[in-house]
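In what follows, chains are A, B, ... by sequence order, proteins preceding strands, each numbered from 1.
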Number of protein chains: 4
Amino acid sequence: MNTKTAVPIRQRRKEARPQELLDAALELFVEKGFAATRSEEVAARAGVAKGTLYLYFPSKEDLLKAVVRENLAGLIAEGATIAGAFEGSTHELLVLLMKTWWERVGNTPASGIFKIIITEMGNFPDFARFYVQEVIEPGRDLFSRVLQRGIDSGELRQVNIFETVHVLIFPMLMLCLHKHSLGACAGIGPIMDPPSFIETHVDVVVRGLLVREDAQAAEPAAARKGGKRG
Amino acid sequence: MNTKTAVPIRQRRKEARPQELLDAALELFVEKGFAATRSEEVAARAGVAKGTLYLYFPSKEDLLKAVVRENLAGLIAEGATIAGAFEGSTHELLVLLMKTWWERVGNTPASGIFKIIITEMGNFPDFARFYVQEVIEPGRDLFSRVLQRGIDSGELRQVNIFETVHVLIFPMLMLCLHKHSLGACAGIGPIMDPPSFIETHVDVVVRGLLVREDAQAAEPAAARKGGKRG
Amino acid sequence: MNTKTAVPIRQRRKEARPQELLDAALELFVEKGFAATRSEEVAARAGVAKGTLYLYFPSKEDLLKAVVRENLAGLIAEGATIAGAFEGSTHELLVLLMKTWWERVGNTPASGIFKIIITEMGNFPDFARFYVQEVIEPGRDLFSRVLQRGIDSGELRQVNIFETVHVLIFPMLMLCLHKHSLGACAGIGPIMDPPSFIETHVDVVVRGLLVREDAQAAEPAAARKGGKRG
Amino acid sequence: MNTKTAVPIRQRRKEARPQELLDAALELFVEKGFAATRSEEVAARAGVAKGTLYLYFPSKEDLLKAVVRENLAGLIAEGATIAGAFEGSTHELLVLLMKTWWERVGNTPASGIFKIIITEMGNFPDFARFYVQEVIEPGRDLFSRVLQRGIDSGELRQVNIFETVHVLIFPMLMLCLHKHSLGACAGIGPIMDPPSFIETHVDVVVRGLLVREDAQAAEPAAARKGGKRG
DNA sequence: AATGAATGAGTCTTCATTCAT
DNA sequence: GATGAATGAAGACTCATTCAT
């Protein structure tokens, strides 16, 4: 019965090849940069010969595109699901989203993708569009909805949502970049504990967004934008 | 009459060459990445021939080092001077520091350096050490002192200074990285106004750091770090 | 039928490549000098592309080393075997050794090696050591033993063996050098027949070494070395 | 009176320049080889700027030609004068010629010329002709006349003069080549004392050429060339 | 499907030579 | 005459890609 479903090793490996190559490529592109990574190295790390790489990906550039798409697909959907089902405070939701994101992305090899994106986006305009549509915009929208939810419920102040979303997201991205640049240089500088940093980050920012009674905080950010504070 | 004071063109150019080459290199390294930039392109953009580059810099790698050193030397010293002489509130000081930083670095070609650093730090261990000592540590210390000043004066809560410094700095760095990656892809996505973003960022974070009377915020972050919240 | 034993062309060529490249390199290094030979020329003469050379030899310098090692290894061993087994007069042994040497080295492309060595030894100190240990010293020792044999048997006079060895060897080396410098310039000067020259050379030198009865030659060379002749 | 003949320093140096450059070039070409010597090095060693070299020599190749011509002109004439005026035995004349040659050439920087010639002759056909006409042929003729003189006087055997000349000359040349190749590698192998070697060399060869009473040596070399000795 | 030997375009770097000063 | 900044042709070497096996 299960003999039918049993896949021969040969075939299993065949099907697994692209993924093994993508994993190897991700590691190397993150470690050494795209240009500095030789295609032969990718093949070697995936345990295949140079030529085999080209059976699955027509060029090194296409390999890069596949690596990025592969690792970013479905990145946002999960967050959206969490946010849609959540019933607690917005503060708690943000803490949950960030922790989840760290577990699923920041703390995995996929975190290196952001480094690649920063570096190579300029060289792949069509990929830039993909990234904006598939990652940036959905991500932005997710956090925008969460912030709006908090404002609507009276938990958070009226703020410039677009900018505030980036105040929330940017440090998370920098955490990933740091991990793969300075953080990869063993023994340099003090080490930061990501979960602890994330906690502090979310705590500080959410506090800065809470509705407060004192006059200083009552003034909406949007109104303040135009003139100087007295 | 002015023949006596006239400096021969050759001479004048010779003195200007290194700077012209450094400027060209900065632009190109930021635009295309270090590895993807051909040394001849740098020379061409500086208006000289291939070989001329090598009269001033022994190799492409040395050129990169010079570019980074050139643009980051004295970056921090200025901020320290400002902070040392400032007499207003810590909130105002942070706003001033961030604005100054944006004018001097974020809004100049030097902002691209951070992109290079993210990418190349792993490939130049000795340069990584230089960068940590000359830029990262002084920068951290500067903001640490400012936060400590705010805490000592009673303006700010007791927080984990190390982590909070990064909550302040990371979005600034991401702003630079964004500017030279996605931001450089013309017509992609909505544009963010950096000064406005910086204002929102500092405002939100500083609010999150202010001492408050309500119970919610009374629990010091430092105390919370050890155990789990109930 | 023979399909089973047939070796794929690729395979066959792969095994022959290093030797083909070494042969081509020897020819060209001798013809034009090491520095003046482009690595691409070597590859072309071996019938492969530029890059192929580097699959087998990491650099042009390593190629040179391999060329010299390849062609001189076992050079001396053969002479030592001959000398060890010989039973005739020392005169006849020297004639035999020189003729053998000419057939195996002087009259083959390997003769050009000495030209390369003269030129490049100064630029490769570690190779110089190799050459001294593997070629010069064993060669010296071989001829020293042969001369000593002649002296012990009473066939030859007491002479300074070290210097006399060079009186024997130097013209042989010059013959090779001449062949690849002046001798290579077609139509220049009269041509010397190497076997005939070798015969004359050995004949003259051996005669000069024979023990003689006449007073003129009775004064031993060794005794004369110390003081001036009257 | 002598003010007229006094040459200003400026002009004296100007006239001396070519010689200084030639000396520097000789040293460097011998040390490092022609190709490996940069024209700027030659200028620097002569104490002038790069461009100055080209005021005197149109190219590096012409400089090489000048170096060789300069150092070989008149090389032979002196020997011919000595030989023409000498009245002693041919043995003594050969000793004198070789000693003189060593003092004037072998023991001076000019000895390096032979290394250059061996290496570069193939690359300069027209120079090869010059060298043959100006150096090789007169040198050959000189030694041929000396040997003939010895034969005519009954001092030396009848030998193949052409070949015997080379038996005499080749070790002298090798001495020079050795001095600038292996001999230049400090600390490698035992060192040979040139004057002593020359003495041994001439002694052995002349002894081998002397007329002897035993039948073996009575047979003229020229006659022996055709058939085998009985 | 997989291999890896072979390729050759492309890059960094050197250096003989020129020429404005 | 002298200089040395500038040039650009040339060469060693790399590596993405191909294709015979």
In whole angstrom, what separates [X]'s [atom1] from [N]'s [atom2]?
X      : N       : atom1 : atom2 : value
F57(B) : dT14(E) : CZ    : C1'   : 18 Å
E61(B) : dT11(E) : CD    : P     : 18 Å
K60(C) : dT14(F) : NZ    : P     : 14 Å
E20(A) : dA2(E)  : CD    : P     : 10 Å
E40(B) : dT7(F)  : CD    : P     : 12 Å
E41(C) : dC13(F) : CD    : P     : 14 Å
L53(A) : dT17(F) : CG    : P     : 9 Å
L63(D) : dC15(E) : CG    : P     : 16 Å

_With nearest nucleotide decided by heavy atoms, which residue, A49(D) or K50(A), maps closer to the 5′ end of DNA chain F?_
A49(D)
*If you pin T37(C) and A35(A) to their nearest nucleotides in DNA chain F, which one's is more 5'?*
T37(C)
_Both distances below 3.5 Å, Watson-Crick or wobble geometry, any strand: find the nucleotide opposite dG8(E)._
dC15(F)
*asked:* Tell me which nucleotide, if any, is Watson-Crick or G-U wobble paired with dA20(F) when both distances must be under 3.5 Å.
replied: dT3(E)
For the side chain of [X], counting heavy atoms from C-beta on, which of [options] is nearest?
X      : options                  : value
Y54(A) : dG11(F), dA1(E), dT17(F) : dT17(F)
R38(C) : dG8(F), dC13(F), dA12(F) : dA12(F)
T52(A) : dT7(F), dT3(F), dA2(E)   : dA2(E)
L55(A) : dT17(F), dA5(F), dA2(E)  : dA2(E)

*Main-chain N/O of H180(D) paired with K115(D) side-chain donor or acceptor, under 3.5 Å*: yes
*Looking only at atom types and distance, does a side-chain atom of T37(D) sit under 3.5 Å from a main-chain N or O of L28(D), one as donor and one as acceptor?*
yes
*Ignoring backbone atoms, test whether S39(D) places a side-chain nitrogen or oxygen under 4.0 Å from the OP1 or OP2 oxygen of dA16(E).*
yes
*Can a side chain N or O of Y56(C) be found less than 4.0 Å away from OP1 or OP2 on dA6(E)?*
yes
*Non-hydrogen atoms of S59(D) and Y54(D) that approach each other most closely*: CA-CE2, 4.1 Å
_Ionic contact status for D126(A) with K65(A), cut-off 4.0 Å_ = yes
_Salt-bridge contact E134(D)-R69(D) (side-chain N to carboxylate O under 4.0 Å)_ = no
